[in-house]
Every structure is written in structure tokens, then in C-alpha cells.
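Just so it is clear, the structure is predicted and the values come from calculations on it, not from any experiment. Just so we're on the same page: letters track the sequence lines, and every chain starts at 1.
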Protein chains: 2
Amino acid sequence: MSSTIPTLGFAILSVLARADSTGYEIAGRMRNPVARFWTASHSQIHTDLRRLLAAGLVGYTTAPGPGPQEKKIYSITGEGLEALREWVTEPPRPQPERDELVLKTYAAWLADPAALSEMFRTALRGHEKRLAEYEAAWASMEKEAPAFGTPRFGNMAALRCGLTYERHRADWCRWMIDQLSRSLKPSCDASYPSEE
Amino acid sequence: MSSTIPTLGFAILSVLARADSTGYEIAGRMRNPVARFWTASHSQIHTDLRRLLAAGLVGYTTAPGPGPQEKKIYSITGEGLEALREWVTEPPRPQPERDELVLKTYAAWLADPAALSEMFRTALRGHEKRLAEYEAAWASMEKEAPAFGTPRFGNMAALRCGLTYERHRADWCRWMIDQLSRSLKPSCDASYPSEE
DNA sequence: GACCTCATGTAATGCGTTACATGATTTC
DNA sequence: GAAATCATGTAACGCATTACATGAGGTC
């Protein structure tokens, strides 16, 4: 009967369940470290917000905005909260895994090892940077473990996943770099004098 | 100038670089453990194959097929190989991360802990199953480390990523289940007689 | 007789990105 | 004066899924 809500709709509701926001702010919140697992452009968020509005899951109040249009501050409704609660415990549909770096790895045997090594070094830097971010956020959270039933529990749990994910990725990149360096100099071992 | 090839195009080329295949077989190969990082329906593979054909990156020979149409056995061309080689070492574009389970986790503070625990237990079983698969494949590969320049190097490297990914995921699920059980019985600790 | 595997394709629809359009305020 | 931030929206296009259509051969 009801038009099915796409996953992004629930992502929006998850943000609104924490704080009333404009469409613009929702996009911004999704870019923050603990909520980086779902992103969308503001244009899509706006269109999805209209759908949620039509379904009665969100409402809004207006305020004077900076641009020509008025600013709309959205909030989740009772039905919205109920729909979100129900959705949360439904088993997630199996998602097709698509990972460009791993695909490149699958075809890596065809390419130049030195260039590959460079690519993985770049990837590694990215993961290390994120890991540092996550670890800082984790440290500030661990001091007092947030109780279930408070939004900070969600923050911590999602962050924990991001943290161990980045660790796994960084480890894998290091492993790759090591493997590639072995194929670059398969002769004997590291007894080269490293002059120049 | 040239119409840009979507990532799926390169996934197809990566498969064809290993063995000539029909569109149907390509879809099948992508479902196998070491190449599970990119999937597509056969209908999309067929349309993309036509594009690769128009770009001169693949060719095909026909053979009598089981159905009304003829079977087409595709193979990668010289240009195709070159395009693939170039693409492999280009840094991957940052991909938007979308993870339904983590999104649910972010909103988990609103839901019923028992139902959540059940959901994570299901997820954990899935990851453990895959991990076992990957570990079996890994064991059979480690005996003789494949040399760079052979397809098996790509298999091993991609598999390594899948392996540590599933490990990270399973660990995180266990951590979540533990966290949730703490919120279920916050009283004292595990000194319950576990009769019944 | 029903269903699965092999094999190719078309069509409808939905999700997502990118680019375009507008415009005030603040920072360099 | 140029650029970034805040704020909303439309339009075009591309990627992906799902369903539909056809049909042989083998298995339960």
C-alpha cells in the first residue's frame, strides 16, 4: 500500500531522530566521522524529504533563509519514529559489494608493480588519516561509556565499526605494499647497501 | 572524446583477461569467492559488453547456443588489455560508503535490544560462513605463493582483503552482541546459575 | 510435469550524481 | 573582488535492478 521508503529515507530519519535540521544540515551531518556510512547529495536529500513529508514521517517549520527561498527546519513525527524503530531491527538486505580498489587488485597482476605500490601507498595514507580521526573520537567517548537508549550509544557503535574497518584496510594496504616490494626485488633479501 | 567506460566495464575486462567467456559466464565468475567485490546482473553485463565491443576493447566469436540466440564467446583485445592496464594503477575515485547494517547501528539506540541482538547474531553467522570459505581458499593458495604476473597473484591479493574484512566484521558483530547483552542485564555480572 | 542451468536479449522503473539556477553573508 | 558557507530547488543523464520473453537440455 504505502510507497516503500528507500534506505536514504531511513538515513534521513536517523539524523532527524537526533536533532531537527534543514536539508542542508542533514547532508552535513552525514559527512561527519560517525555517520559517514551513508552519504547523499543535497539535491537527493531534498527530494527524499518531500517523499517523507508526503508519507507523514516528517514535518517542518519555516524560518527566513539566507537565499531567495525560505529555510525549512524538518523534524521527525511520531509515525516517523515508529517506522524507523521497526526498520532498525529488520535484517538488512544483502548488499552487492562494489569495491574499486579490490577490483583493481584482482587485475593487478597485469600492471606495473612500482605504480601499484604507489597507489597503495596513497590509499594507505587515506586510511591512516581516517583511523587517526576515529581513534581521537573513540578516546573522547570511552571515558564514559554511553548507555543504551541514548544517541551516543549509536555513535559509539557505528564508530567502532569504522575504527576496525580502517584498521583492517590499512593493514591490508601494508600487506599489499610488502607483497609488491617482494616482486620488485625477488633476489636474495634486504642486504643491499642503500646508497642513492 | 572516447565515451568513458564505467567501472563495470573494467570488471568485465578483468574477467576476460583471465579467460574468454560468454556474458552468462562473466556473471557467474563474479559470484565466485575471490571476485565477489563486484557484481552485476546478466542484463547489465550484456549491455556493457556491447559498449566495450563498440569501443573495440572486446571481440567475440559465435557458437551454437542452447536457446534461440547464438552463444557469443567474448575475448579481450589488445586495446582492451592496454586500457585495463592503464586503469589499474589510476587511483580509485573516492567511493561513497553505504552500509545498511552500520546505518541501523547508528539508529540502534531507539530499538529493542533483544531484537537487535538477534539481528547481529544473524549477521555474524553470515560473516563466519564467508570467513570459513575464504580461509579454505587461502589455505589452498598459501602452499605455493603465486608469483606476480600470474592471475593467481590477483586472486590471492583480493582474497586476502576479503579474508581480513570478514574477520573485522565478525569481530565487530561479536562486540555489538556483547555490548547489547550488557544493556540487557546491567545488574551485577555473570554470576547467574545457567540452569535452563 | 515442474524446476534448474545455460544463454541472450528488451523494457520499465528507481536510485544517484552532476550541473544549473538563485542569492545573502562572511572571510581572504 | 573572489571564494566559501548557508540554503533551496530543477533537469539531464547514467548506473542498476527487476521483470518479461524465448527456448534447449537435464534432473527430480
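Residue Thr22(B) is in sugar-phosphate contact alone, with no base atom involved, counting any heavy-atom pair closer than 4.0 Å across all strands shown.
Comparing the helix axis at one end of the helix from dG1(C)-dC28(D) to dC28(C)-dG1(D) with that at the other, each defined from 5 consecutive pairs, gives an inter-axis angle of 30° (nearest 10°).
In this structure, the NZ atom of Lys71(B) is 17 Å from the C1' atom of dT22(D), given to the nearest Å. The CD atom of Glu25(A) sits 15 Å away from the P atom of dT5(D) (whole-angstrom rounding). Remark: P of dA7(D) and CD of Glu70(A) are 13 Å apart, rounded to the nearest angstrom. Atom P of nucleotide dG9(D) and atom CG of Leu53(A) are separated by 10 Å, given to the nearest angstrom. In this structure, the CD1 atom of Ile73(B) is 11 Å from the C1' atom of dA7(C), given to the nearest Å. Between the P atom of dT17(C) and the CH2 atom of Trp38(A) lies a distance of 10 Å, rounded to the nearest Å. Taking atom CD of residue Gln69(A) and atom P of nucleotide dA21(C), one finds them 15 Å apart after rounding to whole Å. Tyr74(A) places its OH atom 13 Å from the P atom of dA7(D), with the value rounded to the nearest Å.
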Check: Hey, mind stepping through Thr164(A) and Arg160(A) against side-chain hydrogen bond (donor to acceptor under 3.5 Å, both in side chains) and telling me if it holds?
Finding: CA-CA 6 Å; Thr164(A) 61; Arg160(A) 175 81 195 179; 5.5 Å; no

Next item on the list: Kindly determine whether Ser21(A) and Arg29(A) satisfy side-chain hydrogen bond (donor to acceptor under 3.5 Å, both in side chains), including the steps that lead there.
Entry: CA-CA 9 Å; Ser21(A) 318; Arg29(A) 299 245 162 82; 2.5 Å; yes

Check: Does the pair Lys71(B) and Glu25(B) meet the rule for a salt bridge (Lys or Arg N to Asp or Glu O under 4.0 Å), with working shown?
Finding: CA-CA 11 Å; Lys71(B) 183 159 109 166; Glu25(B) 282 174 323; over 6 Å; no

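Note that CE of Met119(A) is 7.0 Å distant from OG1 of Thr89(B), once rounded to the nearest 0.5 Å. If you take OG1 on Thr61(A) and NZ on Lys72(A), they are separated by 11.5 Å, rounding to the nearest 0.5 Å. Expressed to the nearest 0.5 Å, how far OG1 of Thr105(A) lies from CD of Glu100(A) amounts to 11.0 Å. For the atom pair CZ of Phe153(B) and CD of Gln179(A), the computed distance is 5.5 Å after rounding to the nearest 0.5 Å. Residue His168(A) holds its NE2 atom at 4.5 Å from SG of Cys161(B), rounded to the nearest 0.5 Å. Within the model, atoms CG of Leu124(B) and CE of Met176(B) stand 12.0 Å from one another, a figure rounded to the nearest 0.5 Å.
Between the Arg18(A) side chain and the Pro151(A) main chain, a donor and an acceptor come within less than 3.5 Å of each other.
Screening Arg169(A), Arg167(A), Arg174(A) for a salt bridge (Lys or Arg N to Asp or Glu O under 4.0 Å) involving Asp171(A) leaves a single residue, Arg174(A).
Residue Gln44(B) places at least one side-chain N or O closer than 4.0 Å to OP1 or OP2 of dA16(D).
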Polar atoms only, N or O, under 3.5 Å: list the protein pairs with nucleotides 10-14 of chain D and their distances.
residue : atom : partner  : partner atom : Å
dT10(D) : OP2  : Arg50(A) : NH2          : 2.9

Would you tabulate the nitrogen or oxygen pairs shorter than 3.5 Å linking the protein to nucleotides 24-27 of chain C?
residue : atom : partner  : partner atom : Å
dA24(C) : O4'  : Pro66(A) : O            : 2.9

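Of the residues in residues 83-107 of chain B, those with a non-hydrogen atom less than 4.0 angstrom from any atom of DNA chain C are Pro96(B), Arg98(B).
Residue pairs meeting the ring-ring contact (aromatic ring centres under 6.0 Å, His included) criterion with at least one partner in residues 46-72 of chain A, sequence neighbours excluded, are His42(A)-His46(A), Tyr60(A)-Tyr74(A).
Every ring-ring contact (aromatic ring centres under 6.0 Å, His included) that Trp172(A) has, sequence neighbours left out, goes to Phe120(A).
The number of heavy-atom neighbours closer than 6.0 Å to CD of Glu82(B), taken from other residues, nucleotides and ligands shown, is 12 or below.
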